[in-house]
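Notes for the one structure printed next.
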Amino acid sequence: MRAVIPVAGVGTRLRPHTYSLPKVLLNVAGKPILAHIMDAIIEQGITKATIITGYMRKNVESFVKERYSIEVDFVPQKESLGLGHAIWTGRDTFGDEPLMIILGDTVFDVDLKLAEKSGISSIGVKKVDDPRRFGVVVKNKEGIITKFVEKPQKFVSDLAIVGLYYIANPQLLKQSLEQIIKNDIQTSGEYQLTDALQLMLEKGERFSTFPVEGWFDCGKPETLLSTNRHLLNKLNHFPSPNGCVIVPPVFIAPDATIKCSIIGPYATVATGATVEDSIIRDTIISDGAKVSSSLLEESIIGNNAHVKGNFIKMNVGNSSEINY
Ligand code: UTP
């Protein structure tokens with residue numbers, strides 16, 4: 001099986017962080033989003049990957065080349081024209097072996113063998129409260145998909161496509177993507193993978209679904225922070241440096257410097273970062289950042305950023321109320 005990971009997007013929703021780093025290299029719970037994905041696929045026995053690059057592609061390539069030794073083909077997507085177009089860009093690396101398409105801004109916690117179980121193509125799904133924001137699948141009684149619908153405004157199904165696609169017939173995917181691009185079939189201004197899957201279905205390909213409960217989006221500040229909280233909950237080693245109070249769960253890189261601070265819950269302090277005289281919770285402090293005299297909550301501090309607060313001097317009389 002070959003993993004196909006599209007990471008070409010600009011990541012506008014995560015600005016200003018994505019002005020200086022591609023989204024997939026942002027830190028969550030102690031390592032970049034892409035490292036969570038690569039570690040998971042390698043642990044599950046995948047040895048080949050296609051990474052569709054674009055925005056800040058050199059950074060992505062050098063990160064992967066330095067850290068991983070599996071066979072990776074990097075294919076640049078010249079313009080971000082949609083997920084369908086991104087996958088089509090990688091077509092020359094597809095052979096006859098099945099593909100596992102994994103969105104580059106999603107951390108997943110699922111046994112990928114579940115996807116192969118039915119022996120046919122299979123789409124990772126999760127029940128959601130508001131299906132209008134997602135691509136969804138409609139299934140028959142036998143559990144076979146009868147329709148793919150992108151962001152349905154009228155209710156057709158609450159089974160959302162989460163960003164994991166097992167494709168048993170890559171050549172038919174290639175043909176279907178070719179067809180939507182040649183005929184300029186776009187939905188919401190983009191070449192959609194969902195439209196190509198619908199074409200595959202119409203050409204006779206059978207699709208089942210597999211459940212994905214562990215699906216953690218990293219595409220927006222609030223989802224990046226909630227994914228950070230979720231991943232930290234799974235850690236159980238909490239170092240306790242001198243003069244600090246650690247409120248688990250936290251991730252503190254071995255080479256981070258922590259002094260006279262209360263760290264956690266849900267704090268990530270990445271490699272080379274420094275935190276002094278501060279209270280930090282529900283926050284990601286990225287590589288090499290320096291934070292001092294600060295109270296931080298629900299915050300994302302980028303690589304090498306400096307945040308310096310102040311202790312204030314007060315002379316407050318009885319029965320006063322101060323909010324600042
Ligand atoms: P998103 O649309 O969520 O990512 O695509 P984005 O475009 O980077 O983010 P925003 O919307 O500007 O904040 C989901 C995944 O598909 C990839 C993205 O890189 C991301 O990993 N993608 C999307 C591509 O590789 N190419 C595309 O043309 C579109």
Side-chain angles (χ1 to χ4, degrees), residues 1-6 33-34 36-50 83-84 86-87 90 94 96-131 133-152 155-174 176-177 192-219 223 227 230-231 234:
M1 180 153 65
R2 169 181 286 267
V4 181
I5 311 169
I33 299 166
L34 186 56
H36 286 278
I37 298 173
M38 292 293 289
D39 292 347
I41 62 169
I42 291 167
E43 200 184 300
Q44 301 210 29
I46 295 181
T47 56
K48 285 184 210 157
T50 300
L83 186 56
I87 305 303
F94 308 164
D96 290 323
E97 66 194 327
L99 306 178
M100 177 60 75
I101 300 173
I102 303 168
L103 295 196
D105 53 0
T106 310
V107 175
F108 65 91
D109 181 9
V110 67
D111 180 357
L112 295 177
K113 287 203 182 67
L114 282 177
E116 293 174 273
K117 213 168 130 193
S118 65
I120 57 176
S121 291
S122 195
I123 307 295
V125 292
K126 186 178 179 179
K127 247 189 176 147
V128 291
D129 293 334
D130 182 6
R133 295 190 296 123
F134 301 92
V136 299
V137 300
V138 181
K139 293 199 295 183
N140 67 14
K141 280 196 206 95
E142 288 75 45
I144 297 297
I145 296 178
T146 55
K147 206 172 180 188
F148 291 92
V149 189
E150 189 59 42
K151 302 193 180 65
F155 184 87
V156 287
S157 158
D158 56 2
L159 282 181
I161 301 172
V162 302
L164 284 171
Y165 311 76
Y166 174 72
I167 306 293
N169 187 347
Q171 294 307 320
L172 187 63
L173 174 68
K174 220 161 131 170
S176 305
L177 288 168
Q192 303 283 357
L193 178 59
T194 320
D195 289 336
L197 297 176
Q198 177 63 29
L199 268 181
M200 287 177 75
L201 201 139
E202 287 162 17
K203 289 172 199 273
E205 181 74 3
R206 279 158 49 85
F207 288 90
S208 64
T209 60
F210 62 99
V212 181
E213 282 313 312
W215 164 48
F216 308 102
D217 180 47
C218 299
T223 58
T227 298
H230 166 80
L231 295 172
K234 297 203 299 189

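Because the structure is a prediction, the values reported are computed rather than measured. The chain is numbered in sequence order, starting from 1.
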Item to check | Residues forming a side chain to side chain contact (heavy atoms under 4.5 Å, CB included) with K151, sequence neighbours excluded | outcome: Q153
Checklist entry - Do F210 and I123 come within less than 4.5 Å of each other through their side chains, counting heavy atoms only? => result no
Next on the checklist: Checking V149 against S157 for the side chain to side chain contact (heavy atoms under 4.5 Å, CB included) test, could you report, in this order, the C-alpha distance in whole Å, the side-chain angles of both residues, the deciding distance, and whether it holds?
Outcome noted: CA-CA 9 Å; V149 189; S157 158; over 6 Å; no
Next on the checklist: If you compare all heavy atoms of S176 against all heavy atoms of A196, which two are closest, and at what distance to 0.1 Å?
Outcome noted: CB-O, 3.6 Å
Checklist entry - Residues in side chain to side chain contact (heavy atoms under 4.5 Å, CB included) with K48, at least two apart? => result R2, E71, E97
Item to check | Check: V137 and T146 side chains under 4.5 Å, non-hydrogen atoms | outcome: no
Checklist entry - Got a donor-acceptor contact below 3.5 angstrom from the Q192 side chain to the G84 backbone? => result no
Next on the checklist: Among residues at least two apart in sequence or on other chains, which ones pass salt bridge (charged side-chain N to carboxylate O under 4.0 Å, His left out) with D39?
Outcome noted: K31
Checklist entry - Mind checking what makes side chain to side chain donor-acceptor pair (under 3.5 Å) contact with K147, not counting sequence neighbours? => result none
Checklist entry - Between T209 and K139, do the side chains contain an N or O donor and an N or O acceptor separated by less than 3.5 Å? => result yes
Next on the checklist: Other residues, nucleotides and ligands only: do more than 12 of their heavy atoms fall within 6.0 Å of CG on D129?
Outcome noted: no
Next on the checklist: Are there over 12 heavy-atom neighbours, none belonging to E43, within less than 6.0 Å of that residue's CD?
Outcome noted: no
Item to check | Test side chain to side chain contact (heavy atoms under 4.5 Å, CB included) applied to I87 and I101, step by step | outcome: CA-CA 8 Å; I87 305 303; I101 300 173; 3.7 Å; yes
Item to check | F148: partners by ring-ring contact (aromatic ring centres under 6.0 Å, His included), with sequence neighbours left out | outcome: F207
Next on the checklist: Just so I know, are the side chains of V4 and I102 near enough to count as touching, which here means a heavy-atom distance under 4.5 Å?
Outcome noted: no
Item to check | Side-chain heavy-atom pair P170, D96 within 4.5 angstrom cut-off | outcome: no
Item to check | Stepwise side chain to side chain contact (heavy atoms under 4.5 Å, CB included) check, I120 with I144 | outcome: CA-CA 10 Å; I120 57 176; I144 297 297; 3.8 Å; yes
Checklist entry - According to the side-chain hydrogen bond (donor to acceptor under 3.5 Å, both in side chains) rule, which pairs have a member within residues 99-115, sequence neighbours left out? => result K23-D105, D109-K234
Item to check | Heavy-atom donor-acceptor pair, W215 side chain to V162 backbone, under 3.5 Å | outcome: yes
Checklist entry - Got a sec, which residues hit salt bridge (charged side-chain N to carboxylate O under 4.0 Å, His left out) with K174, two or more places apart in sequence or on another chain? => result none
Checklist entry - Looking at M100 and A115, what are the two nearest heavy atoms and their distance? => result CE-CB, 3.6 Å
Item to check | Close side-chain approach of L231 to H36, heavy-atom, < 4.5 Å | outcome: yes
Item to check | Partner set under side chain to side chain contact (heavy atoms under 4.5 Å, CB included) for T47, not counting sequence neighbours | outcome: none
Checklist entry - Heavy atoms, side chains only, cut-off 4.5 Å: are I167 and L197 in contact? => result yes
Checklist entry - Minimum heavy-atom separation for I33 to G104, with atom names? => result CG2-O, 3.6 Å
Checklist entry - For the residue pair C218 and V107, what are the closest heavy atoms and their distance? => result SG-CG2, 3.9 Å
Item to check | salt bridge (charged side-chain N to carboxylate O under 4.0 Å, His left out) partners of E142, counting only residues at least two apart | outcome: none
Next on the checklist: Just checking K203: does its NZ atom have more than 12 heavy atoms from other residues, nucleotides or ligands closer to it than 6.0 angstrom?
Outcome noted: yes
Checklist outcome for this item: Across all chains, not counting sequence neighbours, the ring-ring contact (aromatic ring centres under 6.0 Å, His included) partners of H230 are F216
Checklist outcome for this item: D130 meets the salt bridge (charged side-chain N to carboxylate O under 4.0 Å, His left out) criterion, sequence neighbours left out, with R132
Item to check | From CA spacing to verdict: side chain to side chain contact (heavy atoms under 4.5 Å, CB included), V136, L159 | outcome: CA-CA 5 Å; V136 299; L159 282 181; 5.6 Å; no
Item to check | Residues which pass side chain to side chain contact (heavy atoms under 4.5 Å, CB included) with P98, listed by chain and number, not counting sequence neighbours | outcome: Y166
Item to check | Backbone of A168 reached by a side-chain donor or acceptor of S121 within 3.5 Å | outcome: yes
Next on the checklist: Could you check whether any side-chain heavy atom of L83 comes within less than 4.5 Å of a side-chain heavy atom of Y165, counting everything from C-beta outward?
Outcome noted: yes
Checklist entry - Does the side chain of I5 reach to within under 4.5 Å of the side chain of L103, using non-hydrogen atoms? => result no
